[in-house]
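Report on one structure; see the data block that follows.
On a predicted model such as this, the values are computed, not experimentally measured, just so you know. Here, residue 1 is the first one in the sequence, and each next residue gets the next number.
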Amino acid sequence: MGFDYDLFVIGGGSGGVRAARIAAGQHGAKVGLAEESRMGGTCVIRGCVPKKLMIFASNAPLMAEEMRGYGWSDAAAGDFSWRDFRAKLDAELNRLEAAYTSGLNNAGVEIHHQRARIADHHTVELADGTRMTAKHILIAVGGRPARPEFPGAELGLISDDLFLLDELPKRALLIGGGFIACEFATILNGLGVETVQAYRGDAVLRGFDREAREMATAQLKDIGVDLRLGLSPAGLEKTGDRITARFDDGSADEFDAVFLATGRAPYTWGLGLENTGVRLKDNGAIAVDEWSQSSVPSIFAVGDVTDRVNLTPVAIREGHSFADTVFGDKARQVNHDLVASAVYLRPHELGSIGLTEEQAAARGPVDVYSAVFRPMRSMFAGSDARTMMKLLVEPQSDRVLGCHIFGPDAGEMIQLAAIPITMGATKADFDAAMAVHPTAAEELVTMRSITRRHGGEE
């Protein structure tokens, strides 16, 4: 039978846009794409990009303090204008959205600016009732912030809302201990908001290396975040213009705003998947195979909606690989085993790739090489902030299984470290690299002594 499109993509985020652009522009497919919100998706519009720009802005007070340590006695950040920053931020996001749209148009993709749902295995229905057929359907709708279930949760803001505030709150509560909660706490604190963060665990950033988690937890406290561990919300109530938060230990506190940063959920509701027989995981994510194909042969999915590795570069790689495989006669799979990531805290970031020390130790023998030190730049200014570099090495093969960096520009460093680690580099390969001095990163190639050994003789 004939189809209106070779491919119809639902979702205009990073993964969907890449798949559509490659399928149409490089492989000649006729492609349609529907996006209900702004082109660019979570990362560009309400995630990675605006968040990183806010991190830059929030770092000014610490930079001024550091410069005073270098003799600039009058160094000061001055007054921060949220209104001025928001205007520049909005202009930048508009520019990026236009670039995404232009890229699709130039590739010949037909864009539909509305919600789409699936009517059957080859039919998509737009919000205005228009139906179109496609040989292949790609779902790339990402995820959405999940609201926890407790009384008054509807009074809380979600992560998307931070980028839309008309003015900053004077006092804010962040509920959660993941990377979104920690980054937002860092941002708000640096922009002058009295910031409280409540998390049920004993250290933030569950799932990361334990030593790095403890350093991140200590840093949040050191920069002035009122971090309350072992604490969960019991309910929110409106109290005049403020919100009263009640906690499970019986305590209560008032805030101008409460942000719920307790996780995200795959955005599969309302997609019409019940019309298709597409298999879902327990959390609502679309189950796919190594080719991003669902249980229905004509329907594929990439990005956070599959809940594999929920990072923008992964979604982009999955979308590109899908397009090459289905339309370019270039069978490509995505390896999700080694994916670097970064948490943009302040002043020190956390970069990570591979196994954590705990994961490596549970798997078998592992040698731990680590160094904790005060980096030259901040130490000279009088800071006690510590940097950590850690390599996890398999004794038998000498292969580096994981790398964790907590320090300034850790995100930049982990990207470079990811290249040799992905190639299967050994500790000897790291040792053979000549150090660049004086840098913090040189510690990665100068660590010679085993700090700890798991699964073998101590």
Side-chain angles (χ1 to χ4, degrees), residues 50-66 77 80 82 85 145 148 156-159 161-163 165 167-208 210-233 236 242-249 251-263 342-350 378 383-388 406-408 410-411:
K51 171 198 69 180
K52 190 69 178 289
L53 293 172
M54 286 182 178
I55 286 286
F56 291 147
S58 71
N59 205 35
L62 282 178
M63 292 173 64
E65 181 181 347
E66 185 176 82
F80 174 73
W82 173 253
F85 175 80
L157 302 174
I158 58 175
S159 57
D161 295 325
L162 176 62
F163 310 114
L165 294 175
E167 60 182 22
L168 291 176
K170 291 182 173 58
R171 191 165 194 261
L173 168 66
L174 275 153
I175 297 174
F179 73 91
I180 294 176
C182 293
E183 289 175 341
F184 279 21
T186 296
I187 290 167
L188 290 172
N189 168 265
L191 298 182
V193 177
E194 184 182 345
T195 305
V196 177
Q197 183 178 357
Y199 177 53
R200 63 187 179 182
D202 63 350
V204 298
L205 298 176
R206 181 171 62 89
F208 285 86
R210 178 70 194 195
E211 189 175 3
R213 294 178 62 198
E214 291 174 351
M215 296 183 78
T217 300
Q219 177 174 270
L220 285 167
K221 296 177 181 178
D222 289 343
I223 65 172
V225 174
D226 182 356
L227 182 58
R228 303 178 186 181
L229 298 173
L231 199 62
S232 295
L236 302 178
R242 309 191 82 196
I243 296 175
T244 297
R246 303 192 183 281
F247 300 99
D248 58 357
D249 65 350
S251 63
D253 208 341
E254 284 192 355
F255 303 92
D256 299 303
V258 176
F259 292 90
L260 307 175
T262 53
V343 184
Y344 298 107
L345 306 178
R346 176 182 51 81
H348 290 184
E349 302 171 349
L350 170 57
S378 57
S383 171
D384 288 328
R386 259 58 175 181
T387 284
M388 181 197 74
F406 184 79

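A search for side chain to side chain donor-acceptor pair (under 3.5 Å) contacts involving Arg346 returns Ser58, Asn189, not counting sequence neighbours. Residues meeting the side chain to side chain donor-acceptor pair (under 3.5 Å) test with Asp226, sequence neighbours left out: Arg228. Listed by chain and residue number, nothing satisfies the ring-ring contact (aromatic ring centres under 6.0 Å, His included) test with Phe247 (two or more places apart in sequence, or in another chain). Applying the salt bridge (charged side-chain N to carboxylate O under 4.0 Å, His left out) criterion to Asp202, with sequence neighbours excluded, gives Arg210. Every residue meeting the side chain to side chain contact (heavy atoms under 4.5 Å, CB included) condition with Asp248, not counting sequence neighbours, appears here in chain and number order: Leu231, Ser232. For the ring-ring contact (aromatic ring centres under 6.0 Å, His included) test, residues two or more places apart in sequence or in another chain that qualify with Phe406 are His348. The salt bridge (charged side-chain N to carboxylate O under 4.0 Å, His left out) search around Glu211 returns Lys390, Arg452, not counting sequence neighbours. For Arg213, there are no side chain to side chain donor-acceptor pair (under 3.5 Å) partners at least two apart in sequence or on another chain. With sequence neighbours left out, the ring-ring contact (aromatic ring centres under 6.0 Å, His included) criterion links Phe255 to no other residue. Residues that satisfy the side chain to side chain donor-acceptor pair (under 3.5 Å) test with Thr244, not counting sequence neighbours, are Thr239. By the side chain to side chain contact (heavy atoms under 4.5 Å, CB included) test, Pro145 pairs with Ile158, Ser159, Asp160, Arg264, sequence neighbours left out.
Taking the centre and axis of the six-membered ring of Phe184, the NZ or CZ atom of Lys51 falls outside the cone set by 45° and 6.0 Å.
How far CZ of Phe259 is from CD1 of Ile180: 12.5 Å, rounded to the nearest 0.5 Å. Remark: Leu220 CG to Tyr199 OH distance equals 12.5 Å, nearest 0.5 Å. To the nearest 0.5 Å, atoms CD (Gln197) and NZ (Lys221) are separated by 10.5 Å. Within the model, atoms CG of Leu188 and CD of Glu183 stand 12.0 Å from one another, a figure rounded to the nearest 0.5 Å. Atoms CE and CZ, on Met63 and Phe56 in that order, are 10.5 Å from each other to the nearest 0.5 Å. Separation of atoms CZ (Phe179) and CZ (Phe208) is listed at 7.5 Å; rounding is to 0.5 Å.
Scanning all heavy atoms of the two residues, the minimum distance from Leu229 to Gly201 falls at CB-O, 3.4 Å. Heavy-atom minimum distance, Leu165 versus Trp82: O-NE1, 2.8 Å. When all heavy atoms of Ile223 and Pro347 are compared, the closest pair comes out as CG2-CD, 4.0 Å. Leu157 approaches Ala257 most closely through the heavy-atom pair CD1-CB, 4.1 Å. In terms of heavy-atom proximity, Cys182 sits nearest to Val204 at SG-CB, 3.6 Å.
In this structure a side-chain-to-backbone donor-acceptor pair under 3.5 Å is missing from Thr186 to Leu345. In this structure a side-chain-to-backbone donor-acceptor pair under 3.5 Å is present from Glu349 to Gly411.
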For the pair Ile55 and Ile187, evaluate side-chain contact (heavy atoms from CB on, under 4.5 Å) and give the outcome as yes or no after the intermediate values.
CA-CA 6 Å; Ile55 286 286; Ile187 290 167; 3.6 Å; yes

Test Val343 against Leu205 for side-chain contact (heavy atoms from CB on, under 4.5 Å), laying out the working first.
CA-CA 9 Å; Val343 184; Leu205 298 176; 4.2 Å; yes

Could you go through Glu66 and Ser378, starting from their C-alpha distance and side-chain angles, then the distance that decides it, and tell me whether this counts as side-chain contact (heavy atoms from CB on, under 4.5 Å)?
CA-CA 7 Å; Glu66 185 176 82; Ser378 57; 4.0 Å; yes

Verify side-chain contact (heavy atoms from CB on, under 4.5 Å) between Met54 and Leu162, making sure each step is shown before the conclusion.
CA-CA 10 Å; Met54 286 182 178; Leu162 176 62; 4.0 Å; yes

Extract all donor-acceptor atom pairs below 3.5 Å that involve side chains of residues 168-177 and protein atoms in other chains or at least two apart in sequence.
| unit_1 | atom_1 | unit_2 | atom_2 | d |
| --- | --- | --- | --- | --- |
| Arg171 | NE | Glu194 | OE2 | 2.9 |
| Arg171 | NH1 | Asp253 | OD1 | 2.8 |
| Arg171 | NH1 | Asp253 | OD2 | 3.4 |
| Arg171 | NH1 | Glu254 | O | 2.7 |
| Arg171 | NH2 | Asp253 | OD2 | 3.1 |

